[in-house]
Amino acid sequence: MAFIECKNLSHVYNKGLENEYKALDGINLKIHKGEFVTILGTNGSGKSTLAKHFNALLQPTAGQCLVEGMDTGDEKNLWDIRGKVGMVFQNPDNQIIAAIVEDDVGFGPENIGMEPHEIRRWVTAALKAVNMEEFRHFAPHLLSGGQKQRIAIAGALAMNTECLVLDEPTAMLDPVGRQEVISTVQRLNQRQGITVINITHFMEEAALSDRVLVMKQGKLVQEGKPEEIFQNIEAMKKLGLDVPVATELAYRLQKKGLPITKAITNQEALIEALCQLK
Ligand SMILES: Nc1ncnc2c1ncn2[C@@H]1O[C@H](COP(=O)(O)OP(=O)(O)O)[C@@H](O)[C@H]1O
Ligand SMILES: [Mg+2]
């Protein structure tokens with residue numbers, strides 16, 4: 001069974017009103033446990049709307065979204081689903097509630113009535129997992145954007161989440177913060193088997209994932225491994241999207257006759273390919 005499955009999922013905002021708008025149109029997809037999936041698409045293509053279906057913040061207006069077989073449209077599944085799938089949003093300042101880091105991370109567990117010593121245990125493990133233990137007693141507003149996003153991730157981990165859905169978590173961060181967040185997410189995926197769904201505009205982040213989904217006007221239009229998706233630079237450009245700089249450079253060098261044959265999606269691979277040229 002897929003961890004998340006969308007079957008012919010559509011979402012219409014303001015249904016029946018004059019300003020009704022179909023933001024998702026017949027989405028079919030499966031995301032498997034332990035996968036690291038990236039969702040790409042230009043602004044307004046429906047990425048955030050889709051992401052909000054994964055933890056039942058939104059319900060389909062047609063079709064289905066299932067999380068481990070549980071229908072997100074069935075109200076009795078809401079808390080089970082939200083316990084399995086945690087969301088992290090773009091703006092780090094909008095998702096921190098408490099005045100002290102440990103209270104913020106412990107907010108979810110406290111809300112579901114966990115015993116104080118249990119909360120402490122989960123908070124410690126969650127802060128450790130995002131490398132933020134030493135900031136336990138800090139005031140969140142003193143932290144950098146990347147640190148705040150890691151606290152938001154810890155908040156989901158403290159709820160024993162199995163899946164992180166990150167909606168442009170690095171969009172507001174500087175390069176250092178971006179690197180911190182993305183390597184944290186990668187580590188959680190690789191070491192703890194957390195399923196990751198990352199929405200991003202940074203193609204270098206997409207290149208790190210197992211699979212890339214591309215959206216356009218509410219539809220899923222492409223799906224594949226990063227190297228497959230990025231290989232077709234013209235198709236990506238038509239969709240209004242870029243490819244990693246290394247991919248584009250390799251492509252142009254190939255066109256000029258350099259014998260680079262491998263699919264290149266990152267800087268290291270490009271350097272290696274160039275160094276091997278005789
Ligand atoms: N709450 C809403 N009410 C009406 N329309 C919305 C709402 N949220 C998003 N939309 C519209 O749905 C479309 C998809 O939006 P969104 O899922 O946010 O796209 P993305 O995250 O890819 O930028 C956009 O045209 C947007 O204007
Ligand atoms: Mg969005």
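The structure presented is a predicted model; accordingly, all values stated were derived computationally and were not measured. Atom set for the values below is all heavy atoms of this structure, side chains included, hydrogens, waters and symmetry mates excluded.
Follow the hydrophobic side-chain contacts under 4.5 Å out from Met114 and you never reach Phe107; the two are in separate clusters. Under the 4.5 Å side-chain heavy-atom criterion for grouping Ile, Leu, Val, Met, Phe, Trp and Tyr, Ile194 is connected to Leu127 within one hydrophobic cluster. Linking Ile, Leu, Val, Met, Phe, Trp and Tyr residues whenever their side-chain heavy atoms come within less than 4.5 Å leaves Val196 and Leu208 in two separate clusters. Note: the hydrophobic cluster containing Val185 does not contain Ile39 (ILVMFWY, side chain heavy atoms under 4.5 Å, direct or indirect links). Ile229 and Met215 are assigned to two separate hydrophobic clusters, defined by single-linkage of ILVMFWY side chains at heavy-atom distances under 4.5 Å.
Rounded to the nearest 0.5 Å, atoms OG1 (Thr170) and CD1 (Ile199) are 11.5 Å apart. Atoms NZ and CG, on Lys30 and Leu66 in that order, are 10.5 Å from each other to the nearest 0.5 Å. Taking CD1 of Ile153 as the reference point, atom OG1 of Thr161 lies at 11.0 Å (rounded to 0.5 Å). With rounding to the nearest 0.5 Å, the separation of CD1 in Ile81 from NZ in Lys76 is 9.5 Å. Note that CD1 of Ile31 is 7.0 Å distant from SG of Cys163, once rounded to the nearest 0.5 Å. Here Leu50 contributes atom CG and Leu29 contributes atom CG; the two are 6.0 Å apart, rounded to the nearest 0.5 Å.
Across Glu35 and His32, no two heavy atoms sit closer than the pair OE1-N, 2.9 Å. Residues Val212 and Ala206 approach most closely at CG2-O, 4.0 Å, considering heavy atoms. Closest approach of Ala23 to Tyr13, counting heavy atoms only: CB-CE1, 3.5 Å. Scanning both residues, Ala158 and Pro109, for their nearest heavy atoms gives O-CG, 3.5 Å. Considering all non-hydrogen atoms of both residues, Ala156 and Leu164 come closest at CB-CD2, 3.7 Å. In this structure, Pro92 and Gly145 approach most closely via the heavy-atom pair CB-O, 4.1 Å.
A donor-acceptor distance shorter than 3.5 angstrom exists from the side chain of Lys47 to the backbone of Gly41, with no hydrogens or angles considered. Between the side chain of Gln147 and the backbone N or O of Ser144 there is at least one donor-acceptor pair closer than 3.5 Å. Within the 3.5 Å criterion, the main-chain N or O of Val12 finds a donor-acceptor partner in the side chain of Thr61. A donor-acceptor distance shorter than 3.5 angstrom exists from the side chain of Asn232 to the backbone of Ala235, with no hydrogens or angles considered. Side-chain atoms of Thr195 come within 3.5 Å of backbone atoms of Gly34 as a donor-acceptor pair (strictly under, hydrogens ignored). For the pair Thr247 (side chain) and Ile264 (backbone), a donor-acceptor distance under 3.5 Å is present. Checked by atom type and distance alone, the side chain of Thr72 never pairs as donor or acceptor with a backbone atom of Gln59 at under 3.5 Å. The backbone N or O of Val181 lies less than 3.5 Å from no partner atom in the side chain of Gln149, so there is not a single donor-acceptor pair. Asn77 contributes a side-chain N or O that, together with a main-chain N or O of Asp71, makes up a donor-acceptor pair within less than 3.5 Å. At distances below 3.5 Å, at least one donor-acceptor pair connects side-chain atoms of Arg82 with backbone N or O atoms of Ala56.
Screening Ile100, Leu143, Val130 for a side-chain contact (heavy atoms from CB on, under 4.5 Å) involving Phe135 leaves a single residue, Leu143.
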Test side-chain hydrogen bond (donor to acceptor under 3.5 Å, both in side chains) applied to Asn198 and Thr38, step by step: CA-CA 5 Å; Asn198 186 37; Thr38 299; 5.0 Å; no

Step-by-step side chain to side chain contact (heavy atoms under 4.5 Å, CB included) determination, Lys225 to Asp210: CA-CA 6 Å; Lys225 292 199 172 84; Asp210 299 321; over 6 Å; no

Step-by-step side chain to side chain contact (heavy atoms under 4.5 Å, CB included) determination, Met87 to Leu166: CA-CA 6 Å; Met87 292 273 290; Leu166 306 118; over 6 Å; no

Test side chain to side chain contact (heavy atoms under 4.5 Å, CB included) applied to Glu228 and Gln222, step by step: CA-CA 10 Å; Glu228 292 163 2; Gln222 287 207 41; over 6 Å; no

Steps toward side chain to side chain contact (heavy atoms under 4.5 Å, CB included) verdict (Leu270, Thr265): CA-CA 8 Å; Leu270 178 62; Thr265 60; over 6 Å; no

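By the 4.5 Å heavy-atom criterion applied to side chains, Val37 and Ser209 are not counted as neighbours. Between Leu239 and Leu40 there is no side-chain heavy-atom pair separated by less than 4.5 Å. For the pair Met203 and Leu241, the minimum side-chain heavy-atom distance is below 4.5 Å. Residues Ser48 and Phe89 are not in side-chain contact: their nearest non-hydrogen atoms beyond the backbone lie 4.5 Å or more apart. Looking at Lys52 and Val165, their side chains never come closer than 4.5 Å, going by heavy atoms from C-beta outward. Using a 4.5 Å heavy-atom cutoff, the side chains of Asp167 and Val88 are not in contact. Under the 4.5 Å side-chain criterion, counting only non-hydrogen atoms from C-beta, Asp80 is in contact with Met70. In this structure the side chain of Phe3 reaches within 4.5 angstrom of the side chain of Val85, judged on heavy atoms.
Surrounding CD of Glu75 are at most 12 heavy atoms belonging to other residues, nucleotides or ligands under 6.0 Å away. Counting heavy atoms of neighbouring residues, nucleotides and ligands inside a 6.0 Å radius, atom NZ of Lys33 exceeds 12 of them.
By the ring-ring contact (aromatic ring centres under 6.0 Å, His included) test, Tyr21 is found to be paired with no residue, residues two or more places apart in sequence or in another chain being considered. Partners of Glu204 by side chain to side chain contact (heavy atoms under 4.5 Å, CB included), not counting sequence neighbours, listed by chain and number: Pro244, Val245. The side chain to side chain contact (heavy atoms under 4.5 Å, CB included) test applied to Ile271 returns Gln267, Cys275, not counting sequence neighbours. In this structure Lys84 satisfies the side chain to side chain donor-acceptor pair (under 3.5 Å) test together with Glu68, Glu162, sequence neighbours excluded.
Residue pairs meeting the side-chain hydrogen bond (donor to acceptor under 3.5 Å, both in side chains) criterion with at least one member in residues 1-12, sequence neighbours excluded: His11-His53. Sorted by first and then second residue, the pairs that involve residues 179-193 and meet side-chain hydrogen bond (donor to acceptor under 3.5 Å, both in side chains), not counting sequence neighbours, are Arg150-Glu180.
Residues Lys237 and Glu248 are paired through a salt bridge, judged by an N-O separation under 4.0 Å between the basic side chain and the carboxylate. Asp93 has a carboxylate O that lies under 4.0 Å from a charged side-chain N of Lys148, or vice versa, which qualifies the two as a salt bridge. A salt bridge is defined here as a Lys NZ or Arg NE, NH1 or NH2 lying under 4.0 Å from an Asp or Glu carboxylate O, and Arg136 with Glu102 meets this definition.
In this structure, Arg178 forms a cation-pi arrangement with Phe202, its terminal cationic atom sitting closer than 6.0 Å to the ring centre and no more than 45° off the ring axis.
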